[in-house]
Enquirer: 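To start, I am sharing the structure in question, which I have written as C-alpha cells.
In what follows, chains are A, B, ... by sequence order, proteins preceding strands, each numbered from 1.
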Amino acid sequence: MSDLHFYNSYTRQKEKFEPITPGHVGLYVCGPTVSGESHLGHARPYITFDVVNRYLKHLGYKVRYVRNITDAGHFEEEGREAEDKVAKKAQLERLEPMELVQKYTNLYHWGMHSFNCQDPSIEPTATGHIIEQINMIKTIIEKGYAYEVNGSVYFDVKKYAEKYPYGKLSGRILDDLLETTRDLEGQDEKRNKVDFALWKSAPPEHIMRWTSPWGEGFPGWHIECSAMSSKYLGETFDIHGGGMDLLFPHHESEIAQSTIVHGHAPVRYWMHNNMITINGKKMGKSYNNVIKLTELFSGNHPILQQAYHPMVVRFYILQTHYRSTLDFSNEALQASEKAFRRLWEAYEVLQKLQASGNAGAKDAALDEQVRTWCRECGEFMDDDFNTAKVIANLFEIAPVVNGIKGGQVAADALSADTLKLMLDTFRIYLEEVLGMQALQQQDNDKLDQVMALLIEMRKEARARKDFATSDQIRNKLAEAGVLLKDEKDGNMSYTIE
RNA sequence: GGUCGGAUGGCCGAGUGGCUAGGCUCAGCUCUGCAAAAGCUGCUACAGCGGUUCGAAUCCGCUUUCGACCUCCA
C-alpha cells in the first residue's frame with residue numbers, strides 16, 4: 001500500500017511500516033498533563049504526530065488516532081510524600097481540581113487548533129478510565145507481578161526482568177538501575193527501588209481519590225496509557241508516539257504492564273520526537289525556561305523579541321527533522337517567518353497561474369527537474385517523515401513559479417501537466433500533509449473595496465507623475481501594516497502584515 | 001557515576017562513503033519614478049587528532065565539548 005519507512009525506537013533502526021490490519025492504523029500519542037498551561041515544548045510532539053497522522057491518511061490509511069488527557073494528576077516525586085500536582089495547584093488557586101483541569105484542557109485545545117493540528121479520533125481522560133486501570137492492576141496482581149503495601153500497589157520489576165527484556169526500549173540494564181538509581185526517601189514500601197507504583201494510597205489532604213480494592217487512592221504514573229491504548233486500539237497496536245523524555249520510565253513501564261496483562265508486547269512501532277531546547281537546555285518546568293503558548297503567540301515574555309504566529313512556529317518545527325533537537329532563538333523564528341511568507345506567497349501565485357495551453361514543455365530540462373522535485377516530496381516523507389527535505393524542495397519550486405509570473409521564466413516553459421503537478425504538490429504537501437495555513441484570512445470584502453479605492457487614487461497620482469501623493473498613500477498604508485506592491489503590468493496588490 | 005545522543009558555513013538547519021540540501025543574513029546585478037516584491041549571481045562548511053578507503057561531513061578509534069535520560073517532564 002505504501003513504501004513508508006520510519007525509525008522505530010524499540011529496534012533502533014528504520015523499518016518498513018506494515019500495519020497489523022491492512023488499510024488501518026492504530027496511533028497512540030501521549031497527551032499532556034493538564035495541570036498547567038501548554039508551552040512551546042509541548043508543541044513539538046503534537047505537531048510532529050499531527051503530520052504523521054496526516055501523512056498516514058494521505059497514504060490512504062484509515063487512522064484511529066488516540067491522544068489522552070492526563071487529568072488525574074501524578075506524583076510530584078515518586079516515592080516521596082504523595083503530592084498530587086493537580087490537587088496542590090488547586091489548593092493554591094482555590095479552584096476545584098476538575099475546574100482547573102477543564103481550564104487547562106480548554107487552553108490546550110485552543111493551542112492545538114491554533115497550530116492547525118487535527119483533532120484525535122478519541123481523546124480519553126485518565127479520570128474517565130479509573131475502572132479500566134483498576135482492572136488492569138488486579139490482573140497484574142493475580143499474575144503475581146505486583147504487590148500491595150499499605151493500600152498502594154507496586155509493579156515488581158525485578159521479577160518481570162527475569163522473564164522479559166525490561167529496559168530494551170530505553171537501553172537500561174536492570175543491574176545498573178539497581179545500583180545507580182538515586183536514593184529517595186520513603187521507598188521502604190517497595191521491594192526494590194526500581195519498582196513503580198500502579199496504585200497509590202491517598203493521604204487525607206489528597207483531593208482526587210477513588211475507591212479501589214486497596215482502599216482510597218489514585219492511579220500511578222503509567223497505567224492510564226496502557227489501559228486506554230489497549231481499550232481503544234487493542235492489545236497490540238501499530239504506533240505509539242511521544243517525547244523522548246518519556247522513554248524512561250514511562251514507556252518502559254507501559255511495555256511491562258501491558259506485557260503481563262496481555263501476554264505480549266503492546267506496540268509494534270515506537271516513535272519519539274526530540275526536545276526543543278532554549279540556550280541548549282531542554283525547555284521544562286525544572287529548568288525554569290518555559291515559554292507558554294499564550295506568551296509565544298502574544299510576544300509577552302522577556303526573551304521574546306516579538307509575537308510569533310502559530311503557523312510560523314509550526315513551520316519552524318517542521319523545518320527540522322523530528323528526531324533532532326531544535327534550539328529556540330528569536331533569530332531562527334524570524335528566519336522561519338520570512339521563509340514561510342515567501343513560500344506561501346509563491347503558493348498563492350501558483351494558484352493564479354494560467355496554464356499556457358501548450359501540452360508540451362518548451363524547456364524540457366526545467367520541466368523534468370520540476371517533476372523530480374515534486375516526486376521527491378513523497379519519497380522524503382516515506383523516509384522517516386523528512387519534512388525538512390520536503391520544505392527544501394518546495395523552496396526549489398518557488399523561484400520557478402515566481403519566475404513565470406515575473407517573466408524570467410517563459411510562460412510555456414513547462415507543460416500544462418507539470419503546472420498542475422506543481423499545484424497539486426503544494427496543495428498536498430504544504431497544506432494537507434504539513435498542515436500549513438495562510439497567516440491571515442483575506443476575505444474581507446469591505447477592506448477590498450477600500451483598498452481598491454486607494455489603489456485607484458494612487459494609480460491616478462502616478463499617471464500624472466505626482467509621486468509625492470503616490471508615495472504618501474503607500475507610506476501611510478505601510479505604517480498601518482498594509483503593504484502595497486506595484487506589479488509589472490501596472491496593477492497593484494496588497495498584503496497585510 | 002551509569003546509559004544514550006549530538007558537535008555542519010555569519011545564523012538556523014538537511015545530509016551516512018564520491019554527484020558541494022534548503023532557509024535567513026550579507027554583497028552585487030536585473031526590473032522599477034523611488035521603493036517593496038520577485039528573479040539572477042556571489043559567500044563551498046562539516047569540533048580536533050589519528051586510522052580504514054582510490055575517495056570520508058558520512059565508517060573506526062581517541063580527545064575536547066554540549067545535551068538528554070537515570071526524579072514530574074513533550
Enquirer: Need one value for A/Gly171: base, sugar-phosphate or nothing, where a base atom within 4.0 Å counts as base even if backbone is also close, heavy atoms only.
Expert: sugar-phosphate
Enquirer: Given the P atoms of B/C73 and B/G23, what is the spacing between them in whole Å?
Expert: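 Result for the P pair: 40 Å, nearest Å.
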Enquirer: Is any N or O donor-acceptor pair between the side chain of A/Asn386 and the base of B/G15 shorter than 3.5 Å?
Expert: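 No, no donor-acceptor pair under 3.5 Å.
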Enquirer: Nearest-Å distance, CG (A/Asn330) to P (B/U25)?
Expert: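 Atom CG in A/Asn330 sits about 15 Å away from atom P in B/U25.
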Enquirer: Can you tell me, in whole Å, how much space there is between the P of B/G61 and that of B/C4?
Expert: 12 Å
Enquirer: Between C1' on B/A68 and CZ on A/Arg44, what's the gap in Å once rounded to a whole number?
Expert: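 Value for this atom pair: 13 Å.
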Enquirer: Please determine if a side-chain N or O atom of A/Asn273 lies less than 4.0 Å away from the OP1 or OP2 oxygen of B/A74.
Expert: no
Enquirer: Could you work out the separation of B/U41 and B/U52 based on their P atoms and round it to a whole Å?
Expert: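 Taking atom P in both B/U41 and B/U52, they lie 41 Å apart.
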Enquirer: Considering every strand and a 4.0 Å limit on heavy-atom distances, what is the contact class for A/Tyr287: base, sugar-phosphate, or nothing?
Expert: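 Since only primed, P, OP1 and OP2 atoms lie under 4.0 Å of A/Tyr287, the category is sugar-phosphate.
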Enquirer: Is it true that a side-chain atom of A/Asp71 and a backbone atom of A/Thr127 form a donor plus acceptor pair closer than 3.5 Å?
Expert: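 Such a contact is found between A/Asp71 side chain and A/Thr127 backbone.
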Enquirer: Counting only side-chain heavy atoms from C-beta out, which of B/A74, B/A37, B/G15 sits nearest to A/Glu345?
Expert: B/A37
Enquirer: Stepwise, does the ring-ring contact (aromatic ring centres under 6.0 Å, His included) test hold for A/His251 with A/His222?
Expert: CA-CA 8 Å; A/His251 293 157; A/His222 319 297; 9.2 Å; no
Enquirer: With respect to the side chain of A/Arg172, which nucleotide from B/C69, B/C34, B/A14 is positioned closest?
Expert: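 The answer is B/C69.
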Enquirer: Examine B/C34: is either OP1 or OP2 under 4.0 Å from a nitrogen or oxygen in the side chain of A/Arg474? Give yes or no.
Expert: no
Enquirer: How about A/Tyr46 and A/Phe115: are their ring centroids closer than 6.0 Å?
Expert: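 Distance test on ring centres: not under 6.0 Å, no.
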Enquirer: Between A/Thr277 and A/Asp383, name the one whose nearest nucleotide on RNA chain B is closer to the 5' end.
Expert: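 On the 5' side of the pair lies A/Asp383.
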Enquirer: Using heavy atoms to find the nearest nucleotide of RNA chain B for A/Met275 and A/Ala339 separately, return the residue whose nucleotide is more 5′.
Expert: A/Ala339
Enquirer: If you apply the rule salt bridge (charged side-chain N to carboxylate O under 4.0 Å, His left out), what do you find for A/Glu379 with A/Arg375, and how did you get there?
Expert: CA-CA 7 Å; A/Glu379 297 172 7; A/Arg375 190 193 67 242; 3.1 Å; yes
Enquirer: Reckon A/Phe467 touches a base, only the sugar-phosphate, or nothing at all at heavy-atom distances under 4.0 Å?
Expert: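 Base: the residue A/Phe467, judged by heavy atoms under 4.0 Å, touches a nucleobase.
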Enquirer: How many Å lie between CD on A/Glu337 and C1' on B/U25, as a whole number?
Expert: 15 Å
Enquirer: For the SG atom of A/Cys30 and the CZ atom of A/Arg67, what is their distance to the nearest 0.5 Å?
Expert: 11.5 Å
Enquirer: Within the 4.0 Å heavy-atom criterion, would you say A/Lys281 contacts the bases, only the backbone, or no part of the nucleic acid?
Expert: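 Contact class for A/Lys281: sugar-phosphate only.
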Enquirer: Taking atom P of B/U71 as reference, at what distance in whole Å does atom CG of A/Leu246 sit?
Expert: 14 Å
Enquirer: Looking for any heavy atom pair under 4.0 Å, which part of the strands does A/Gly41 touch: base, sugar-phosphate only, or nothing?
Expert: base
Enquirer: Return one dot-bracket line describing RNA chain B 5' to 3' (Watson-Crick or G-U wobble pairs, both distances under 3.5 Å; ( ) same strand, [ ] crossing, | another strand, . none).
Expert: (((((((..(((.....[...))).(((((.......)))))....(((((..]....))))))))))))....
Enquirer: Could you check whether A/Met244 gets within reach of a base, just the sugar-phosphate, or nothing at all, counting any heavy atom under 4.0 Å?
Expert: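 It contacts nothing in the nucleic acid.
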Enquirer: Whether A/Arg342 contacts B/G39 is assessed here as follows: a side-chain N or O lying under 4.0 Å from the phosphate OP1 or OP2. Is that the case?
Expert: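 Result: yes.
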Enquirer: Among B/G23, B/C70, B/A68, which nucleotide has an atom closest to any side-chain atom of A/Lys282?
Expert: B/A68
Enquirer: Looking at B/A68, I'd like to know if its phosphate oxygens (OP1 or OP2) sit under 4.0 Å from a side-chain N or O belonging to A/Asn274.
Expert: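 Indeed not, no polar side-chain atom of A/Asn274 lies that close.
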Enquirer: Would you mind reading off the distance between A/Leu326 atom CG and B/G6 atom C1', rounded to a whole angstrom?
Expert: 14 Å
Enquirer: For A/Ala332, report the nucleic acid contact type (base, sugar-phosphate, nothing); a contact means any heavy atom under 4.0 Å.
Expert: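 It contacts sugar-phosphate atoms only.
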Enquirer: When rounded to the nearest Å, what value does the distance between C1' atoms of B/A38 and B/G15 take?
Expert: 29 Å
Enquirer: A/Ile496 has an atom CD1; how far is it from atom C1' of B/A37, in whole Å?
Expert: 17 Å
Enquirer: Compare the minimum distances between each of B/G2, B/G39, B/C69 and the side chain of A/Pro399, then state the nucleotide with the smallest one.
Expert: B/G39
Enquirer: Separation of A/Glu254 atom CD from B/A74 atom C1', in whole Å?
Expert: 14 Å
Enquirer: Rounding to the closest angstrom, what is the interatomic distance between B/G9 and B/U53 at atom P?
Expert: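 The same atom, P, in both gives a distance of 30 Å.
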Enquirer: Over all strands shown, is A/Gln334 touching base, sugar-phosphate only, or nothing at heavy-atom distances under 4.0 angstrom?
Expert: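 The answer is nothing, as A/Gln334 stays clear of every strand by at least 4.0 Å.
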Enquirer: Say we look at B/A45 and B/C40: how far apart would their P atoms be, to the nearest angstrom?
Expert: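 Taking atom P in both B/A45 and B/C40, they lie 24 Å apart.
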Enquirer: Mind checking if A/Asp486 touches a base, just sugar-phosphate, or nothing, with heavy atoms under 4.0 Å?
Expert: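 Base, at least one base heavy atom under 4.0 Å.
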Enquirer: For the rings on A/Phe380 and A/Tyr429, is their centre-to-centre separation under 6.0 Å?
Expert: no
Enquirer: Taking the C1' atom of each, how far is B/A27 from B/C62, in whole Å?
Expert: 42 Å
Enquirer: Just checking A/Asn475: base, sugar-phosphate only, or nothing, at a heavy-atom cut-off of under 4.0 Å?
Expert: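 Touches nothing.
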Enquirer: Can you measure A/Ile391 atom CD1 to B/C12 atom C1' for me and round it to whole angstrom units?
Expert: 13 Å
Enquirer: For the residue pair A/Phe6 and A/Tyr269, is the inter-centroid distance of their aromatic rings smaller than 6.0 Å?
Expert: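 Centroid distance A/Phe6-A/Tyr269: below 6.0 Å, so yes.
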Enquirer: Report yes if a side-chain nitrogen or oxygen of A/Ser324 is closer than 4.0 Å to either non-bridging phosphate oxygen (OP1 or OP2) of B/A14; otherwise report no.
Expert: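 Checking B/A14 against A/Ser324, a side-chain N or O does come within under 4.0 Å of OP1 or OP2.
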Enquirer: Distance alone, cut at 3.5 Å: any donor-acceptor contact between the side chains of A/Lys103 and A/Tyr108?
Expert: no
Enquirer: For A/Tyr154, is there any backbone N or O sitting under 3.5 Å from a side-chain donor or acceptor partner on A/Asp195?
Expert: no
Enquirer: Rounded at 0.5 Å granularity, tell me how far CZ in A/Arg314 sits from CD1 in A/Ile47.
Expert: 5.5 Å
Enquirer: B/G23, B/C70, B/A74: which one has an atom nearest the side-chain heavy atoms of A/Gln319?
Expert: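 Selected nucleotide: B/G23.
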Enquirer: Look at all strands and tell whether A/Lys338 reaches a base, only sugar-phosphate, or nothing, counting heavy atoms closer than 4.0 Å.
Expert: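 The residue A/Lys338 makes sugar-phosphate contact but no base contact.
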Enquirer: Please find out if less than 6.0 Å separates the ring center of A/Trp110 from that of A/Phe297.
Expert: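 Yes, they do, as the ring centres are separated by less than 6.0 Å.
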Enquirer: What distance, rounded to whole Å, do you find between the two C1' atoms, one in B/A57 and one in B/A14?
Expert: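 It comes out at 12 Å once rounded to the nearest Å.
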Enquirer: Between A/Tyr322 and B/A14, is there a contact of a side-chain N or O with OP1 or OP2 at under 4.0 Å?
Expert: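 Indeed not, no polar side-chain atom of A/Tyr322 lies that close.
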Enquirer: Check every strand shown and say whether A/Leu333 touches a base, only sugar-phosphate, or nothing at a heavy-atom separation below 4.0 Å.
Expert: nothing
